[in-house]
Amino acid sequence: MVALKKVNLTKAFAAFDETWSPRVGGDINDFQIKLAKLEGAFHWHHHEEEDELFLVVKGTLRMKLREENGGDVVLGPGEYIIVPHGVEHCPVAEPTCEVVLFERNTTLNTGNVENERTIREPKRL
């Protein structure tokens with residue numbers, strides 16, 4: 001028998017302080033639920049093959065998008081955006097926010113860019 005557990009998002013976000021360092025909260029087939037605290041701007045990037053869902057739990061997220069993709073979208077708690085693969089984007093927390101990400105387990109947080117924020121093996125909650 002498999003033991004199922006519920007997750008309290010407030011407690012899960014309280015379990016870590018690092019920003020821009022997603023935590024894996026669970027697996028769904030080839031996808032993962034990730035929790036991340038964001039502060040300030042990330043960097044422009046895209047994902048060649050993976051779509052991403054950003055669900056804001058706390059704070060405000062400005063998803064910067066190029067004009068050809070509709071321009072910036074501002075999200076508050078309870079709102080989400082799906083960024084299709086290939087679409088260049090730059091998440092900006094104004095000033096800080098907590099988000100739930102839903103994406104393939106192969107998705108690299110920095111997409112096509114590798115830098116000091118690249119996390120190949122995200123920690124688990």
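Of all heavy-atom pairs spanning A41 and R117, the tightest one is O-NH1, 2.9 Å. Annotation for A93 and L38: closest pair CB-O, 3.3 Å, computed over non-hydrogen atoms. Across all non-hydrogen atoms, the minimal contact from I119 to L108 is O-CD1, 3.6 Å. Of all the heavy atoms in G59 and P77, the pair that sits closest is O-CD, 3.3 Å. Of all the heavy atoms in V87 and H46, the pair that sits closest is O-CB, 3.6 Å. What you find for C97 and L61 is that their closest heavy atoms are SG-CB, 4.1 Å.
L55 has its side chain out of reach of V99: every pair of non-hydrogen atoms, C-beta onward, lies at least 4.5 Å apart. You'll find the side chain of F31 stays beyond 4.5 Å of the side chain of T107, heavy atoms only. For the pair V24/I33, no side-chain contact is recorded, criterion being any heavy-atom separation below 4.5 Å from C-beta on. Annotation: side chain of F16 is in contact with side chain of L125 (closest heavy-atom distance under 4.5 Å). Using a 4.5 Å cut-off on side-chain heavy atoms (C-beta onward), N69 and M63 make no contact.
Taking 4.0 Å as the cut-off between side-chain N and carboxylate O, R104 and D30 do not count as a salt-bridged pair. Using a 4.0 Å cut-off between charged side-chain N and carboxylate O, R120 and E114 make a salt bridge. Ionic pairing of R66 and D72 is not present here: no N-O contact between side-chain nitrogen and carboxylate oxygen is shorter than 4.0 angstrom. A salt bridge is absent between E18 and K37: the closest approach of a Lys/Arg side-chain nitrogen to an acidic carboxylate oxygen does not fall below 4.0 angstrom.
Hydrophobic clustering (ILVMFWY, side-chain heavy atoms < 4.5 Å, transitive): V83 and F42 are in one cluster. Under the 4.5 Å side-chain heavy-atom criterion for grouping Ile, Leu, Val, Met, Phe, Trp and Tyr, I28 is not connected to F54 through any hydrophobic cluster. V7 and F102 end up in different hydrophobic clusters when Ile, Leu, Val, Met, Phe, Trp and Tyr side chains are linked at under 4.5 Å. Residues W44 and L101 are members of separate hydrophobic clusters, defined by side-chain heavy-atom contacts under 4.5 angstrom among Ile, Leu, Val, Met, Phe, Trp and Tyr.
With values rounded to the nearest 0.5 angstrom, T118 atom OG1 is found 7.5 Å from E116 atom CD. In this structure, N115 CG and H45 NE2 are separated by 10.0 Å, a value rounded to the nearest 0.5 Å.
Checked against ring pair (Phe, Tyr, Trp, His ring centres under 6.0 Å), F13 has no partners two or more places apart in sequence or in another chain.
A side-chain hydrogen bond (donor to acceptor under 3.5 Å, both in side chains) with E52 is found for exactly one of H47, H85, K34, namely H47.
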Under the criterion side chain to side chain donor-acceptor pair (under 3.5 Å), I'd like the reasoning laid out for Q32 against N105: C-alpha separation, chi angles, the key distance, then a yes or no.
CA-CA 5 Å; Q32 291 181 321; N105 57 15; over 6 Å; no
With side-chain contact (heavy atoms from CB on, under 4.5 Å) as the test, would you mind laying out the steps for L75 and T60 before giving the verdict?
CA-CA 6 Å; L75 301 111; T60 302; over 6 Å; no
Worked check of side-chain contact (heavy atoms from CB on, under 4.5 Å) between T96 and T19
CA-CA 9 Å; T96 59; T19 58; 6.0 Å; no
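Annotation: N29, atom CG; neighbour count of heavy atoms from other residues, nucleotides and ligands within 6.0 Å does not exceed 12. Taking a 6.0 Å sphere around CD of E49, one finds it holds 12 or fewer heavy atoms contributed by other residues, nucleotides or ligands.
In this structure, H89 has its ring center at least 6.0 angstrom away from the ring center of H43.
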